[in-house]
Protein chains: 2
Amino acid sequence: MRLIVARCEVSYAGRTSTVLGEAVRLLMCKADGAFMVWADGGSPSVKPINWMAPPTVLEEERDGRGSLTRIAVRRDAGAERMEIAISEVISESEHEIDTGASLAKEGVEREIQDLLCEAPHFCGEGMRLVRREWPTDIGPVDLMCRDGEERWVAIEVKRVAGIDAVAQLSRYLERIRRDPEMRSCRGILAAKSIKPQARVMAQAEGIDCVELDVEVLRGEREPELTLFGSS
Amino acid sequence: MRLIVARCEVSYAGRTSTVLGEAVRLLMCKADGAFMVWADGGSPSVKPINWMAPPTVLEEERDGRGSLTRIAVRRDAGAERMEIAISEVISESEHEIDTGASLAKEGVEREIQDLLCEAPHFCGEGMRLVRREWPTDIGPVDLMCRDGEERWVAIEVKRVAGIDAVAQLSRYLERIRRDPEMRSCRGILAAKSIKPQARVMAQAEGIDCVELDVEVLRGEREPELTLFGSS
DNA sequence: AGGTACATCTCGGGT
DNA sequence: ACCCGAGGTGTACCT
């Protein structure tokens, strides 16, 4: 990875076009072709002010003393491009950084889905998993189950559920119910946290809400009596 | 801004939890309190593998020779935390980097909305803007207009419109039409590009689609005869 | 290649 | 503080 601290102007043209006046910035050039321009404060804080995602082609110009004067980054046959005009190089270094290794994440939607598949009864007594990623012609619904009364139940799993999650499940239900056998399929929105507006919209659409406690799902803690106290 | 290249282990616990085994990584510590851990390849390429957004509290430990051995980053009273155990420091530097300056973006949704406000007739003959960001109880619709026949028209502006945009406009229309005076309000989805599936869904919901040419909106180019060739 | 959904999304604007 | 929507979203997965 190359790290360059330089006084520079940056212009980008592609999906939009931007110009950054002269200032001291960090230029970060990853081995995978990603190129980023960083400022040190303000917004955005955890995002570069300008960047090019790989694959990119880099072109450099140096003056007679070997000092960087210009960097051009191209992508998509030049449809996207960034130009860095450098007036002063303050630091230039290169380091061997390891490539990203496996990173296990816990608590994301996939894990909640995994846990719920093992214990669907947390969405209602007698609930049984029929199929995960049940296909519809506009995308798969996370879980398809049958409840204690043999009724079909489509479950949409989210980490945090907003109104978009309700809209998503509604779209699926509309498709699913076109099958005469599934006409009475009901919907459950299951999430670690459900926004108030999403609850209101879910109620209006006849969709049940279940807030999940991941530690309970994992079996690390006993469920509390109020677990099903939603709707 | 501080840049540290070090062999280290990283663990994060907060919104999710992750563990990263020992490897050489770049640690980036911004003046605004943002902290990032970078690998050099793999995915995601333009995002750090681990990070903490400001505000953060940093805590460092050094050995007898003054070499970094541990960094702890805390946030939100310790609810979110990252621990970096350092076995070898390869490089450590600090630079004065300028704070983010103003960055003008063109071609994003806001600019399209601006241009459309100045020239609503691109969404239909006789179209007049009544109000921008027309409020509903589930959020504002981008533009509220009246067409040549005095009919209300709600316009949702997007850069790229997918089915989620159609769903969003449908939700707004459902609310808007609860007002008896607006019962016949129609909807237009206006975007630089509209996905085929979104067109299908829009047609099913009686929503019109208008694909916009930003250069024409800006007055840089003459409209082509097929501008309204949508449905 | 195109469509769909997830993300520790991040970020800005509103209430 | 929370909610909502935009993003040059990026990224994986599927068709």
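Proteins come first, then strands; the chains are lettered A, B, ... in the order of their sequence lines, and each starts at number 1.
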Checking contacts here: which listed nucleotide ([options]) is nearest the side-chain heavy atoms of [X]?
| X | options | value |
| --- | --- | --- |
| A:P44 | D:dG5, D:dG7, C:dC11 | C:dC11 |
| B:V108 | D:dG8, D:dG5, D:dA6 | D:dG8 |
| A:D142 | D:dG7, C:dC11, C:dC6 | C:dC6 |
| B:E109 | C:dT8, D:dA6, D:dG8 | D:dA6 |
| A:K195 | D:dG8, D:dC3, C:dT8 | D:dC3 |
| B:W51 | D:dG10, C:dT8, D:dA6 | C:dT8 |
| A:R15 | D:dC4, D:dA6, D:dG8 | D:dG8 |
| B:Q168 | D:dG10, D:dG5, D:dC3 | D:dG5 |

Atom-to-atom span, [atom1] of [X] to [atom2] of [N] - whole angstrom:
| X | N | atom1 | atom2 | value |
| --- | --- | --- | --- | --- |
| B:D164 | D:dC4 | CG | P | 16 Å |
| A:I194 | D:dC3 | CD1 | P | 12 Å |
| A:R132 | D:dC13 | CZ | C1' | 14 Å |
| B:E133 | C:dG14 | CD | P | 8 Å |
| A:K47 | D:dT11 | NZ | P | 12 Å |
| A:K105 | D:dT11 | NZ | P | 11 Å |
| A:N50 | D:dG7 | CG | P | 16 Å |
| B:E156 | D:dA6 | CD | C1' | 10 Å |

[X] near the nucleic acid: base, sugar-phosphate alone, or nothing, with a heavy-atom cut-off under 4.0 Å?
| X | result |
| --- | --- |
| B:S17 | nothing |
| A:I112 | nothing |
| B:P140 | nothing |

Under 4.0 Å from OP1 or OP2 of [N]: is there any side-chain N or O of [X] that close?
| X | N | result |
| --- | --- | --- |
| A:T18 | D:dG8 | no |
| A:Q197 | D:dC4 | yes |
| A:R171 | C:dA5 | yes |
| B:Y172 | D:dG5 | yes |

NZ/NE/NH1/NH2 to OD/OE distance under 4.0 Å, B:E211 and B:R199 | yes

With rounding to the nearest 0.5 Å, note down the distance linking CG in B:D114 to CD in B:E109.
-> 10.5 Å

Keeping [X] on the side-chain end and [Y] on the backbone end, is there a donor-acceptor pair under 3.5 Å?
| X | Y | result |
| --- | --- | --- |
| A:K158 | A:L189 | no |
| A:R25 | A:C8 | yes |
| B:D40 | A:A31 | yes |
| A:R218 | A:L115 | no |

Taking atom [atom1] in both [N] and [M], what distance in whole Å separates the two?
| N | M | atom1 | answer |
| --- | --- | --- | --- |
| D:dC4 | D:dG8 | P | 22 Å |
| C:dT8 | C:dT4 | P | 23 Å |
| C:dT10 | C:dC6 | C1' | 14 Å |
| D:dG7 | D:dT11 | C1' | 14 Å |

Map A:D137 and B:Y12 onto DNA chain C by nearest heavy atom, then report which one ends up closer to the 5' terminus.
-> A:D137

The Watson-Crick or G-U wobble partner of C:dG14, with both key distances under 3.5 Å, is D:dC2

Whether over 12 other heavy atoms sit under 6.0 Å from B:R81 CZ = no

